[in-house]
Amino acid sequence: EAGVAQSPRYKIIEKRQSVAFWCNPISGHATLYWYQQILGQGPKLLIQFQNNGVVDDSQLPKDRFSAERLKGVDSTLKIQPAKLEDSAVYLCASSEADQETQYFGPGTRLLVL
Amino acid sequence: AQSVAQPEDQVNVAEGNPLTVKCTYSVSGNPYLFWYVQYPNRGLQFLLKYITGDNLVKGSYGFEAEFNKSQTSFHLKKPSALVSDSALYFCAVRILEGYQKVTFGTGTKLQVIP
């Protein structure tokens with residue numbers, strides 16, 4: 001069984017630029033999560049999708065972050081414009097059902113200069 | 001509100017010795033508890049979870065965790081540590097009933113010394 005795929009693995013941008021991350025969950029998993037993991041901290045949920053609907057985006061900085069999962073499969077997370085404090089690892093995870101065991105991708109390491 | 005605390009930033013243990021990584025939690029209801037492990041430059045991997053039932057939960061790679069309701073703890077244990085167990089360990093919690101996002105702890109770095 002293929003795991004959660006993410007790309008790119010690394011990204012370096014300058015502040016005020018935009019960036020997009022892509023995630024393809026495990027086949028058949030209805031729930032998809034995006035987390036932000038800042039160095040030295042645990043993952044923080046940014047947004048959770050159930051199929052193509054948003055379940056929770058309460059911690060998503062909506063003035064600069066956006067995410068979509070149009071066909072209920074893969075998802076894109078965008079930051080526009082980026083700030084220095086957005087430097088982090090962005091993790092995508094999926095689960096068969098809401099809040100069951102989550103399977104994580106390798107993450108995208110973002111550095112904003 | 002729910003929270004989880006991992007009081008130790010780092011745990012050092014000699015190879016072959018038993019290891020414990022501590023976790024305490026706070027939820028306003030019955031807890032649903034998880035342990036995940038993160039190896040360098042990789043995403044988190046599921047180790048084990050507690051929902052209900054037996055307080056001792058067995059998971060992957062020989063790890064187990066003991067749920068203690070009175071102490072609101074869910075410590076991760078392994079009888080004999082391996083060098084390959086060296087990684088970052090995260091405890092996570094959510095309330096069992098209804099919707100609530102999973103809350104992760106800040107992580108504990110386990111260093112197994114040969």
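Letters A, B, ... are given to chains in the order of the sequence lines, protein chains preceding strands, and every chain is numbered from 1.
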Taking the six-membered ring for Trp and the single ring otherwise, decide whether the centroids of B:F46 and A:F104 are under 6.0 Å apart.
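Between A:F104 and B:F46, which both carry aromatic rings, the centre distance is not below 6.0 Å.
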
Rounded at 0.5 Å granularity, tell me how far [atom1] in [X] sits from [atom2] in [Y].
X      : Y      : atom1 : atom2 : result
A:T101 : B:L48  : OG1   : CG    : 10.0 Å
A:K44  : B:F104 : NZ    : CZ    : 14.0 Å
A:L45  : B:R94  : CG    : CZ    : 12.0 Å
B:L44  : A:Y35  : CG    : OH    : 9.0 Å

Answer with side chain, backbone, both or neither: which region of A:Q59 has an atom nearer than 4.5 Å to a non-hydrogen atom of chain B?
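Contact with chain B involves the side chain of A:Q59 alone.
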
[atom1] ([X]) with more than 12 external heavy atoms under 6.0 Å:
X     : atom1 : answer
A:L84 : CG    : yes
A:K62 : NZ    : yes
B:K49 : NZ    : yes
A:Q17 : CD    : yes

Per-residue contact mode, B:Q38 against chain A (heavy atom under 4.5 angstrom)
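For B:Q38, the contact with chain A is made by the side chain alone.
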
So, the side chain of B:Y36 versus the backbone of A:Q102: is there a donor-acceptor pair under 3.5 Å, distance only?
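A pair under 3.5 Å: yes.
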
Taking side-chain hydrogen bond (donor to acceptor under 3.5 Å, both in side chains) as the cut-off, I'd like each qualifying pair that reaches into residues 80-93 of chain B, sequence neighbours left out, listed once.
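Of all non-adjacent pairs touching residues 80-93 of chain B, those that pass side-chain hydrogen bond (donor to acceptor under 3.5 Å, both in side chains) are B:K78-B:D85.
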
May I ask whether B:L82 and B:V21 are part of the same hydrophobic cluster, defined by side-chain heavy atoms of I, L, V, M, F, W, Y residues being less than 4.5 angstrom apart, directly or through others?
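In one cluster: no.
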
Would you say B:F34 ends up clustered with B:L110 if hydrophobic residues are merged whenever their side chains have heavy atoms under 4.5 Å apart, either directly or through other cluster members?
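Looking at the clustering, B:F34 is in a separate group from B:L110.
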
Of all heavy-atom pairs between A:Q41 and B:F90, which one has the smallest distance, and what is that distance?
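Distance-wise, the nearest heavy atoms are O-CE2, 4.0 Å.
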
